[in-house]
2 protein chains.
Amino acid sequence: MEKQTITIYDVAREASVSMATVSRVVNGNPNVKPATRKKVLEVIDRLDYRPNAVARGLASKKTTTVGVIIPDVTNIYFSSLARGIDDVATMYKYNIILANSDENGQKELQVLNTLLAKQVDGIIFMGNQISTNMRSEFARSKTPIVLAGSVDSDEEIASVNIDYIAAVEEAVSTLIRHGNKKVAFVTGNMDQPINGLYRLNGYKKALAKVGLPFDEKLVFETEYSYKAGEAIWPEIKATDATAAVVGDDELAIGLLNGAGDDNAKFPDDFEIITSNDSKLTEMSRPKMSSITQPLYDIGAVAMRLLTKLMNKEEIENQTILLPYGIVERGTTK
Amino acid sequence: MEKQTITIYDVAREASVSMATVSRVVNGNPNVKPATRKKVLEVIDRLDYRPNAVARGLASKKTTTVGVIIPDVTNIYFSSLARGIDDVATMYKYNIILANSDENGQKELQVLNTLLAKQVDGIIFMGNQISTNMRSEFARSKTPIVLAGSVDSDEEIASVNIDYIAAVEEAVSTLIRHGNKKVAFVTGNMDQPINGLYRLNGYKKALAKVGLPFDEKLVFETEYSYKAGEAIWPEIKATDATAAVVGDDELAIGLLNGAGDDNAKFPDDFEIITSNDSKLTEMSRPKMSSITQPLYDIGAVAMRLLTKLMNKEEIENQTILLPYGIVERGTTK
DNA sequence: AAAAGGCTTTAAAACGCTTGCATTTGTTTT
DNA sequence: AAAACAAATGCAAGCGTTTTAAAGCCTTTT
């Protein structure tokens with residue numbers, strides 16, 4: 001015999017009050033006489049009643065859960081953001097439906113649709129590219145959306161990032177200041193605005209500032225993976241570049257090790273500044289110099305912003321840039 | 001004016017059929033005349049109808065979402081499992097509510113309760129310890145639960161793991177075979193059965209097999225973190241141990257770098273075998289020898305098992321051990 | 001041509017909760 | 001002590017689906 005699940009109705013009966021009253025005490029509504037509240041609370045405790053969030057969601061049209069679209073949890077950059085997101089979500093009594101997209105437009109769309117079907121109260125999107133399909137879905141749905149560590153070049157969607165242009169510019173300038181004439185720029189897919197627009201721009205600005213020519217041969221477009229980093233070293237070496245700014249830490253550590261295995265000495269033979277300051281940067285030898293980004297905070301702030309949006313609060317500025325920095329460790333002079 | 005959300009009722013009206021019929025076509029029930037199905041499908045398409053999963057959940061008592069309790073997404077070991085979980089969840093049309101617990105009993109309980117309140121169809125629990133509180137909650141709820149990469153010494157709860165005893169025994173034996181007389185055993189909290197019971201046991205068995213004495217001084221209990229690894233090197237060095245089996249990759253890489261920074265040479269001065277074969281093992285220099293575990297698969301199989309449980313299928317064996325191995329890379333001779 | 005059956009389809013009752021409105025009870029005012 | 005008002009509680013209509021029992025509609029069978 002199935003153990004009956006006990007409902008608000010049972011509590012009401014046992015406490016000799018109406019469902020409405022039970023609902024009020026469960027939801028902390030102040031319009032309940034203390035004595036009544038106590039009585040109801042006792043019954044709730046005795047019956048071990050647990051409100052059904054699904055029913056609640058249907059009745060109130062709020063699910064207190066938000067959807068999080070992430071390229072890959074296994075990537076430390078994104079999982080760091082995710083951790084920030086989850087922590088503040090928890091703080092505000094939300095839960096998170098986490099879905100990996102592999103940055104695949106098809107999957108993203110698919111996932112977005114199930115999230116909306118599940119009536120999430122909001123969505124946090126991570127991913128370097130926002131396909132036009134996604135964009136139009138975003139526009140169409142009235143569910144609030146915030147981008148975390150992902151840019152919307154139109155600035156129509158709320159987002160939390162650092163100033164990638166300035167950060168890369170500063171990183172490249174640092175390398176130039178160290179005497180490097182040929183600084184390679186190694187990053188992911190250039191179709192992604194964060195790379196092709198922002199980072200590349202910062203790179204060019206730094207060169208321009210000191211009158212160095214822009215050389216396409218020094219721009220390396222590859223994928224964000226350890227293997228890709230190892231694999232690309234020979235190509236970089238062939239250009240006589242003496243330094244590189246790299247767009248991803250795994251990629252950078254791959255490059256570092258690839259070069260090291262080829263007997264390059266850091267930082268004397270070659271310098272590297274990577275981009276995310278994830279814990280990987282401290283795990284390599286030498287430790288990697290990096291643009292610093294408050295990864296956890298980007299996630300946290302994004303989620304906080306989302307709570308405001310979900311709450312229909314007025315937002316002064318929905319394109320948030322958090323401070324970045326540069327740490328010099330073992331891969332720069 | 002709010003854009004009215006359109007419901008199954010609207011579709012029914014427009015298609016001049018009953019809600020029940022619409023429901024059937026939406027759910028792929030075969031008892032619908034092809035012509036009717038077509039008509040309904042057209043209306044669905046025209047109205048851009050999207051079934052409300054919350055209402056569905058209430059009516060059907062199934063939410064097609066499972067809860068995943070994870071110590072920390074940021075930890076590559078767990079995020080690898082999580083990725084496996086999410087992929088097969090998606091495959092079976094489930095979504096995942098991901099919640100970080102920090103292995104904190106209080107939080108775990110809290111999270112478990114919200115997950116149950118949200119009526120998840122099943123739960124996957126990761127975490128090295130199952131508090132008695134959690135155990136009794138598990139027992140009380142009729143929601144299926146599977147442990148992933150986490151042992152239940154009572155074997156009452158379904159779980160997916162490798163044979164930690166045998167794996168550690170083999171790792172230690174390997175080190176002994178390489179000529180090491182003093183092999184340190186470095187791992188996390190010994191109160192956790194996976195460490196104090198299983199791994200330690202494997203360690204002892206390996207020693208016993210060749211008649212080496214068990215020396216408590218060679219057992220190091222610390223936390224799973226990079227810093228802890230760096231910090232513990234001096235202590236290990238002081239014991240004249242010449243090798244170590246380490247319970248976690250981040251910890252191991254910390255130890256490796258700590259030792260390296262102290263001018264220890266691998267593998268000549270010291271050998272290390274770590275435990276999880278996460279991608280970190282390939283990122284260190286030298287690369288780390290490791291027990292291999294099919295991390296992704298542990299998650300995937302756990303989720304697959306959970307689907308069976310949720311489906312009330314008969315399970316032959318609910319304590320699954322996946323194959324492990326040993327890869328020797330740069331930290332062993 | 002009536003009876004039997006197999007498909008389709010419908011009506012309406014859940015599912016467990018929130019919430020606006022009405023009602024009751026209790027407290028002040030006058 | 002009646003009137004006025006405020007606080008506490010109850011009623012009942014949803015919320016958008018699924019699902020079961022019943023009804024309709026055809027085609028076969030006899």
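Within every chain, numbering begins at 1; the chains are lettered A, B, ... in the order of the sequence lines, protein sequences first and strands thereafter.
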(Q) If the threshold is 4.0 Å, N to carboxylate O, is there a salt bridge linking B/Glu42 and B/Lys38? (A) yes
Q) How long is the gap from CD1 on B/Ile124 to CD1 on B/Ile96, to the nearest 0.5 Å? A) 6.5 Å
Q: Just compare D/dT17, D/dG16, C/dT9 and give me whichever is closest to any side-chain atom of A/Leu58.
A: D/dG16
Q. Roughly how many Å is it from CE in A/Met19 to P in D/dC11, rounded to a whole number?
A. 11 Å
Q: Verify the contact: side-chain N or O of A/Lys61 to OP1 or OP2 of C/dT19, cut-off strictly under 4.0 Å; return yes or no.
A: no
Q: Write down the distance between NZ (B/Lys39) and P (C/dT8), rounded to a whole number of angstrom.
A: 14 Å
Q) Are any of A/Thr36's side-chain N or O atoms less than 4.0 Å away from OP1 or OP2 of D/dT9? A) yes
Q: Select from B/Tyr9 and A/Pro34 the residue whose nearest nucleotide in DNA chain D is closer to the 5' end of that strand.
A: A/Pro34
Q: Describe the nucleic acid contact of A/Asn31 in one word from base, sugar-phosphate, nothing, applying a heavy-atom distance below 4.0 Å.
A: base
Q | Contact under 4.0 Å: A/Ser23 side-chain N or O vs C/dT18 OP1/OP2 | A | yes
(Q) In this structure, how many angstroms lie between the P atom of C/dT8 and the NZ atom of B/Lys38, rounded? (A) 17 Å
Q. Rounding to a whole Å, what distance do you find between B/Gln119:CD and C/dG16:P?
A. 9 Å
Q) NA contact type, B/Thr7, heavy-atom cut-off 4.0 Å: base, sugar-phosphate, or nothing? A) sugar-phosphate
Q) What is the nucleic acid contact for B/Arg50, judged by heavy atoms within less than 4.0 Å: base, sugar-phosphate only, or nothing? A) sugar-phosphate
(Q) For a quick check of understanding: with a heavy-atom distance under 4.0 Å over all strands, which category does A/Val22 fall into, base, sugar-phosphate or nothing? (A) nothing
Q) Could you give the NZ-to-P distance, from B/Lys118 to C/dC15, as a whole number of Å? A) 23 Å
Q: Answer yes or no: does a side-chain N or O of B/Ser18 lie under 4.0 Å from OP1 or OP2 of C/dT10?
A: yes
Q | B/Thr5 vs D/dG16: side-chain N/O to OP1/OP2 distance below 4.0 Å | A | yes
Q: Would you mind telling me which of D/dT18, C/dG16, D/dA8 lies closest to the side-chain atoms of B/Ala59?
A: D/dT18
Q.
Measuring from the side chain of B/Thr21 (C-beta onward, heavy atoms only), which nucleotide among C/dC15, C/dT10, D/dT17 has the closest atom?
A. C/dT10
Q.
If the test is side-chain contact (heavy atoms from CB on, under 4.5 Å), which one of B/Val88, B/Val146, B/Val68 qualifies with B/Leu306?
A. B/Val146
Q) Does the distance from a Lys or Arg side-chain N to an Asp or Glu carboxylate O, for A/Glu137 and A/Arg140, drop under 4.0 Å? A) yes
Q) NA contact type, A/Val26, heavy-atom cut-off 4.0 Å: base, sugar-phosphate, or nothing? A) nothing
**Q.** Length of the CD1-P vector between A/Ile6 and C/dC15, whole Å
**A.** 14 Å
Q.
On DNA chain C, does the nearest nucleotide to B/Val32 precede the nearest nucleotide to B/Ser60 from the 5' side, or the other way round? Give the residue.
A. B/Val32
Q: Supply the atom-to-atom distance B/Met126 CE to B/Glu108 CD, rounded to the nearest 0.5 angstrom.
A: 11.5 Å
Q. Looking only at heavy atoms, which two atoms of A/Ile69 and A/Ile123 are closest? And how far apart?
A. CD1-CG2, 4.4 Å
**Q.** Rounded distance (Å) that lies between atom P of D/dC15 and atom CD1 of B/Ile8
**A.** 14 Å
Q. Below 3.5 Å, does any donor atom in the side chain of B/Arg24 face an acceptor in the base of C/dT10, or the other way round?
A. yes
Q) Is there a side-chain polar atom (N or O) of A/Asn27 under 4.0 Å from OP1 or OP2 of C/dT18? A) yes
Q.
In whole Å, I'd like the distance from the NZ atom of A/Lys62 to the P atom of C/dC17.
A. 18 Å
